[in-house]
Amino acid sequence: MSSFGGRMREYPWLSLDRFDRENLRARAYFLSHCHKDHMKGLRAPSLKRRLECSLKVHLYCSPVTKELLLTSPKYKFWENRIVALEVETPTQISLLDEASGEKEDIVVTLLPAGHCPGSVMFLFQGPNGTVLYTGDFRLAKGEAARMELLHSGTRVKDIQSVYLDTTFCDPRFYQIPSREECLNGILELVRSWITLSRYHVVWLNCKAAYGYEYLFTNLSEELGVKVHVNKLDMFNNMPEILYHVTTDRHTQIHACRHPRDDDYLRGNRLPCGMTSRNGTPLRIISVKPSTMWFGERTRKTNIIVRTGESSYRACFSFHSSYSEIKDFLGYIRPVNVYPNVVPMGSTADEVVKIHFLLKNQIKSPQGLELLPSLYKIPVFPTITSVSIPAPLSKCRGQKSFAVLAQKASVRGEGARVRNLISVTETLLQRKMFLLSSIEFLLSLA
DNA sequence: GCGATCAGCT
DNA sequence: CACAGCTGATCGC
């Protein structure tokens with residue numbers, strides 16, 4: 001989940017992937033991809049009002065993101081204010097300060113991010129230096145080196161700061177099987193099942209989000225069987241996807257959903273209600289795409305895991321692994337790195353993660369100083385088995401209000417975080433409370 | 001009635 | 001593990 005506040009230090013009058021609070025005063029908006037956690041405030045009345053008053057404010061995104069966004073009637077009011085920028089095409093944007101009348105030009109380039117259809121990273125070049133906002137991304141090792149627009153001539157551009165997707169930026173997620181490996185694993189599983197008979201069908205248990213489309217198109221392409229989905233009008237202008245999905249339930253591959261799809265499956269029905277063909281019951285297996293990862297030295301085991309008589313989990317990831325992030329940063333070598341994702345209120349662990357990256361991959365460790373104060377809590381060389389005092393964990397009886405991990409241990413430099421101090425965002429928002437409890441924990445170390 | 005937030009679920 | 005998102009309850013306007 002993105003916890004990026006919306007603004008970059010170098011160009012604070014631009015807002016990216018956040019549209020509430022301070023961002024209501026931005027001179028221009030950017031949307032990296034069409035996932036809800038990157039669209040906070042995008043349809044709020046306050047922003048709608050701002051738009052009505054400030055006619056020069058626009059939202060910049062890729063053509064595919066524009067298409068996906070405008071499919072929902074709730075975002076139709078943006079229609080005339082969205083500027084779709086072609087990917088990998090540097091574009092100059094003039095930003096006008098409505099108060100002072102001062103104007104500033106900046107060049108933005110969209111780079112493919114490999115996260116979901118239309119997803120991009122934004123590269124900004126302007127008077128305050130070159131910065132890269134990655135949005136969410138999955139790029140394989142070596143892909144940064146192949147991006148022409150990250151280079152000037154033969155060498156990589158000087159990048160001041162990278163605002164980084166840190167979802168799996170932890171040595172624990174050292175490797176995640178490649179897109180191709182995962183795809184092939186799923187392909188062969190699906191193939192082996194649906195070729196048994198025309199009554200053998202596969203249900204892909206996908207989350208409600210864009211990002212599985214390349215799975216659908218590849219399965220359909222390879223097997224000649226279209227994928228049943230609930231809705232496809234968002235792909236009306238994307239023939240390369242549209243061709244491979246269908247609303248006809250008479251197909252052997254389904255990715256349809258229902259709020260109680262579990263009940264449906266137990267009754268040997270698909271979430272769309274299909275239960276038989278010509279009176280012959282269906283033989284259904286479910287395949288749940290989910291992230292699987294392996295440590296630096298651990299042997300990669302199977303990409304497909306059988307979890308029940310007719311259920312499987314299959315490896316699939318929308319985000320880069322630790323080693324992919326390391327490769328990316330090691331190639332770019334920015335001066336600063338800022339995390340876009342601070343998982344579940346973790347504080348110490350984020351410091352540690354970024355610390356490792358800073359140490360190895362970037363030019364000077366200024367990044368940490370610029371992070372919000374929470375990240376500046378010093379990481380002590382040794383923290384051992386710290387228990388959370390009872391009054392904190394019992395706070396109003398709410399689980400999410402308690403400190404979740406009961407112990408924290410950080411061994412010396414170069415060591416891995418074992419058990420993290422993990423608190424929820426609820427706690428993060430109660431800053432004073434959190435700071436005092438973290439300080440308390442550290443004082444015990 | 002709507003948005004924001006949260007618990008719970010998947 | 002962590003992801004992205006939905007539903008339903010509650011609260012305030």
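So that the names make sense, note that chain A is the first sequence line, chain B the second, and so on, each numbered from 1.
For F77(A), the CZ atom sits in a packed shell: over 12 heavy atoms of surrounding residues, nucleotides or ligands are nearer than 6.0 Å.
K36(A) comes within contact range of the sugar-phosphate backbone alone, with a heavy-atom separation under 4.0 Å but no base atom that close. No contact: H258(A) has no heavy atom under 4.0 Å from any strand.
We find that CZ of R49(A) is positioned 13 Å from C1' of dC2(B), with the value rounded to whole Å. We find that CZ of F19(A) is positioned 17 Å from P of dG3(B), with the value rounded to whole Å. Atom CZ of F168(A) and atom P of dA2(C) are 9 Å apart (whole Å). Atom CG of D261(A) and atom C1' of dC9(B) are 11 Å apart (whole Å). N230(A) places its CG atom 15 Å from the P atom of dG5(C), with the value rounded to the nearest Å. Regarding D37(A), its CG atom lies at a distance of 16 Å from the C1' atom of dT5(B), rounded to whole Å. Protein atom CE of M1(A) is 12 Å distant from nucleotide atom C1' of dT10(B), rounded to whole Å. The distance from atom NE2 of H35(A) to atom P of dC6(C) is 11 Å, rounded to the nearest whole Å.
Nearer to the 5' terminus of DNA chain C, by closest-nucleotide assignment, is the contact made by H115(A) (compared with the other of P259(A) and H115(A)). Comparing H319(A) and T291(A) by the nucleotide of DNA chain C that holds the closest heavy atom to each, the one mapping nearer the 5' end is T291(A).
Formation of a donor-acceptor pair under 3.5 Å by the N218(A) side chain with backbone atoms of Y214(A) is found in this model.
Checking H200(A) against Q252(A) by side-chain atom types alone, no donor-acceptor pair falls below 3.5 Å. Between N205(A) and S286(A), the side chains place no donor N or O within less than 3.5 Å of an acceptor N or O (distance only, hydrogens not considered).
The side chain of F173(A) lies closest to dA2(C) when the candidates are dT5(B), dG3(B), dA2(C). Counting only heavy atoms from C-beta on, R172(A) has its side chain closest to dC1(C) among dG5(C), dC3(C), dC1(C). Each of dA4(C), dT5(B), dA4(B) was ranked by its minimum atom distance to the side chain of A44(A); first place goes to dA4(B). Considering only side-chain atoms of A208(A), the nucleotide from dC1(C), dT5(B), dG5(C) that sits closest is dG5(C). Proximity note for A209(A) (side chain, C-beta onward) versus dG5(C), dC3(C), dC1(C): the nearest is dG5(C).
Not one side-chain nitrogen or oxygen of H38(A) sits closer than 4.0 Å to the OP1 or OP2 atom of dC3(C). Put simply, R260(A) has no side-chain N or O that comes within less than 4.0 Å of OP1 or OP2 on dT10(B).
C206(A) is linked by a side chain to side chain contact (heavy atoms under 4.5 Å, CB included) to L204(A), Y212(A), F216(A), P289(A), counting only residues two or more places apart in sequence or in another chain. Residues satisfying the salt bridge (Lys or Arg N to Asp or Glu O under 4.0 Å) test with R191(A), not counting sequence neighbours, are E188(A).
DNA chain C lies under 4.0 Å from at least one heavy atom of each of the following residues of residues 296-314 of chain A: R313(A).
In this structure, Y174(A) and Y322(A) have tilted ring planes: the angle between them lies in the 30° to 60° band.
I253(A) places none of its side-chain heavy atoms less than 4.5 Å from the side chain of S220(A).
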